[in-house]
Structure formats: structure tokens, C-alpha cells
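Quantities reported herein were computed from a predicted structural model and do not represent experimental measurements. Every number for a ligand or one of its atoms is a count from 1 in the order of the listing.
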Amino acid sequence: MEKRRYESPVITRISAGVTDKFGMKPRIKNISDIQDIKVTELVEKYGSPVYVLSEQTIEDTFAEAKNAFTTRYPKVQFAWSYKTNYLNAVCKIFHAQGSWAEVVSGFEYAKALQNGVSGEKIIFNGPTKSEDDLRLAIKNKSLIHIDHFDELYTLIEIAKTTDTKPRVAIRVNMDTTIYPRWDRFGFNYENGEAWTAINRIMVEPTLDLVGLHTHIGTYVMSPVPYGIAAAKLADLAVNISKKFNHHIKYIDMGGGFASKNTLKGAYLPGKDTCPMFDEYAESIVNAIFNSAIEPQHLPILIFETGRALVDDAGTAIASVIANKRMADGRRAMILNIGVNMLFTSFWYDLEIYPAQNVSSHAEDTTIYGPLCMNIDVLRAAVKFPHLQKDDIVVIPRIGAYNMTQWLQFITMRPNVVLIDKQGVTHIVREAETVLTITDSERMPEYLK
Ligand SMILES: *Cc1c(COP(=O)(O)O)cnc(C)c1O
């Protein structure tokens, strides 16, 4: 028998008869492997911290989402939201599944081209598109989603000088009962601005209005607002066909489906409250079918789902640097991964698990990252077992936004590893070195 390791004793107040909100004592489980690969092995091979992505999980989640919509509606298209995770390997997996690309900057647009996405399958969203970006998108026949009147006027000017007719859609914002309302993007539905923009485009012979778009928010925890949004876009589509005898080709419902992470302050865990793809699909498809859109002109439904498709596929592995007692007696644990690498910890209570077997003795613990900053707190207070220096922790559900919003601050970004469907691991982004950072720095002569 292995000798059990020493743990310092913990004093816990007995609260007999009182259970937690689920009626039982929280049990601390450990996560020792990811897709049958030992976490310890991953750390030995790729270092700590390390991000791990699972191709199988991406494909399974995508299949679930796709099924929810294609079983209900005949014309469905997904477009991968680049900003959610634009590591090329991740984008390629989505493209191989049939996803188009959804980009919000010239940089992301270039990445989509690099990944072999043909121009007609790139949706160009966002408020920032330069004239050069627009010219390139027009030339490539991409779908340009106009965000504001200034962009519309610029497009009209550019279109006068191009052979290709820009394929455009407008982004529409609206009251979907989500508050605060996301009204800074696109044209408003209720005050008639969206209709004005449509009229302006329709009388412009150089522009081709092919679609309508909305992106109502992110981490939307109810399917209802999507039904409201789909009904409003369908209403615009019907009015366009009545007035101009023009039938738009698609309605793009944007992204925003919730992932299974738990928002800070939420009473119940995200895995229990997050709607299923089926519920979102039911709400949206019903709204389209119940609208006055004629069956022969049913638009393609496009989805730019980001976080709900990739969050579960990403896991961070990190190590314990030290344990501490704070001045007030609280226990603190310091990890070698912090808020700079886990940006989503600002709004999620990320789950943190030990990789090794632990005893059932847990103590209220504050989990800190390695930064010299007071804000570097991953969990302010969580019942956690006692780990020792160099023990490993596993942080699941970090596939969305962490690998794009990460900050090169104080520490460098670690390896990102993909586990393919055969269980083989590949580095898809190398750990940064000092050179990665200093290569683009320049020294003025007088400081040399
Ligand atoms: C960010 C974004 C998405 C993806 O949103 P998720 O909440 O991650 O699903 C989709 N469309 C647009 C326009 C976006 O800006």
C-alpha cells in the first residue's frame, strides 16, 4: 500500500443537519486524464501550464448543434466565429465540418483566407472595416454585413469603381427582452433605422442586398429572445419582398448561445441552466415558419455560434506554485496560470480540479494566479482540498475566448496542444519565448 501523504489538519465548524443547496456534501473529484491521456503525461511532454484542445469534443458539440437545426429546417449554415478561437487548427476543424468563416476585422479576414476559406464563404461583420478591407471583400464576393451609415456610404462610393457588385446585408439591433440592450451594433429595428438603411440599399443599383443579420448578445440564457429576433428579421424580409419584389437569401442569427460555464454570482451551475441547442432551434425555426415568408422563398438560416461550440473542447492544465496563509487565516493557493491566460475568469467561476487523488478534507481557499497584481484571483472562495507545491490542477471548459483574449503580461503564453481523434497529440501553437516578444521591438540608436 502506498504511504498516504501528510496533510495539515483542518478545523471545520460542524453544522449538523444543514446540507448545501443540492442536499448533499460537495464531493471533490479529480480529473486525471483528458481523453484517456494522463494529465501528468501531457505536462511532462508539453510543460505547465498548457492548453489542451480536443478535436473529438469539437466535432461532437458541432454535430449536436447542427442536428438541432437541420432536423427542423431545410437550409442551415454555420459560420465559425473567428474571434472566439482563431487558432488555425481550430478554424480548420470547423471548416472541415462545413462551417464558413465569420470575421470581424481585416486581420481575421486574412486568417480565413489563409485557412483556405473561399471568399463567398466569409461573412465580414463588425464596425471596423477599412476601405482596403472592403475592396478585398468585394473582389472576393464575401458577405459584407454593414454596421452603420458611414460604412454604407463608403461602400456605395467604392461600388461605383468596382466591377463586382458587393453582396451586402445589414446588421439589425432590436429589443429582444435582453437588457442591457445591445444597440451599438447595426441599425435599430424599432425606431425604423433598419428599414431606412434597407430602402437606401434597395434604391442603389450597385449593391446587392442578400441577407439580414443580428447578433443579440452573448451567453444568452433563454431561447425566447432568439424567437423574437427571428420574427423581427422575418418581418423585414417580408416587407422587402412586398415593396421591392426582392427576396433575401439568408437570415443570419449571429451567435450568443450560452456555454455550460457558470457565471459569477449564478445560483445554479451553468451545466444545469444552459439551454440545449434544441431549445434555441425550436424558438428560432418556429418564428421563421410562423412568419409571412412564403415557403418558396425560405431563407437560409446562418448561425455564427462561438462559445457554445468550443468552450467544452478546451482545458487548461496548470501547477501549484505555493500554499499560503493569509493574514486573516484564510488559505491561499498560488497557481502558475492566472487571469492573463484565463481571461474568462473575469466573468465565470471556472471549475478547478486536482489531477491527483485527494482526501475529502477541503477548506475554503482563495486561488491566485502568478501575477504581481492583486486582481489575479481565479476563485475568491472555493472549498478545495489540500494540494502541495508542483501538484497539478485541471481547468475544464476554457476553449472559448481565452486563446484570443489572452494577454502577454508578465508571463509568456504556453503551448497549445490538440488531441486528434486518434488520440495523438500535436502542438498547434508553440509556447512563446523571450524572442517572440522582443523580435518586434526596435531600439532607438541613442539608447543602444
Ligand atoms: C462574437 C460574435 C459571435 C460569436 O458569439 P458567441 O457568443 O461566442 O456565440 C457571432 N457573431 C458576431 C457578430 C460576433 O461579434
Inset, instruction - Apply the test side-chain contact (heavy atoms from CB on, under 4.5 Å) to residues Phe343 and Tyr401: give CA-CA distance (whole Å), side-chain angles for both, the deciding distance (0.1 Å), then the verdict. - result: CA-CA 8 Å; Phe343 206 84; Tyr401 294 102; over 6 Å; no
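Remark: Lys129 is positioned above the aromatic ring of Phe124, its terminal NZ or CZ atom under 6.0 angstrom from the ring centre and at most 45 degrees off the axis.
Considering Asp147, Asp183, Asn188 in turn, Asn188 is the only one that fulfils the side chain to side chain donor-acceptor pair (under 3.5 Å) rule with Asn173. Between Asn125 and the choices His145, Glu108, Lys83, the side chain to side chain donor-acceptor pair (under 3.5 Å) rule is met once, by His145.
Between Trp80 and His95, the distance from one ring center to the other does not fall under 6.0 angstrom.
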For ligand 1, run through the N/O pairs with the protein that fall under 3.5 Å and put one pair on each line.
{"residue": "ligand 1", "atom": "5 (O)", "partner": "Tyr401", "partner atom": "OH", "Å": "3.4"}
{"residue": "ligand 1", "atom": "7 (O)", "partner": "Thr218", "partner atom": "OG1", "Å": "2.5"}
{"residue": "ligand 1", "atom": "7 (O)", "partner": "Gly256", "partner atom": "N", "Å": "3.2"}
{"residue": "ligand 1", "atom": "8 (O)", "partner": "Arg307", "partner atom": "N", "Å": "2.9"}
{"residue": "ligand 1", "atom": "8 (O)", "partner": "Tyr401", "partner atom": "OH", "Å": "2.6"}
{"residue": "ligand 1", "atom": "9 (O)", "partner": "Gly256", "partner atom": "N", "Å": "2.8"}
{"residue": "ligand 1", "atom": "9 (O)", "partner": "Gly306", "partner atom": "N", "Å": "2.8"}
{"residue": "ligand 1", "atom": "11 (N)", "partner": "Glu304", "partner atom": "OE1", "Å": "2.6"}
{"residue": "ligand 1", "atom": "15 (O)", "partner": "Lys83", "partner atom": "NZ", "Å": "2.6"}

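In this structure Tyr46 satisfies the ring-ring contact (aromatic ring centres under 6.0 Å, His included) test with no other residue, sequence neighbours excluded.
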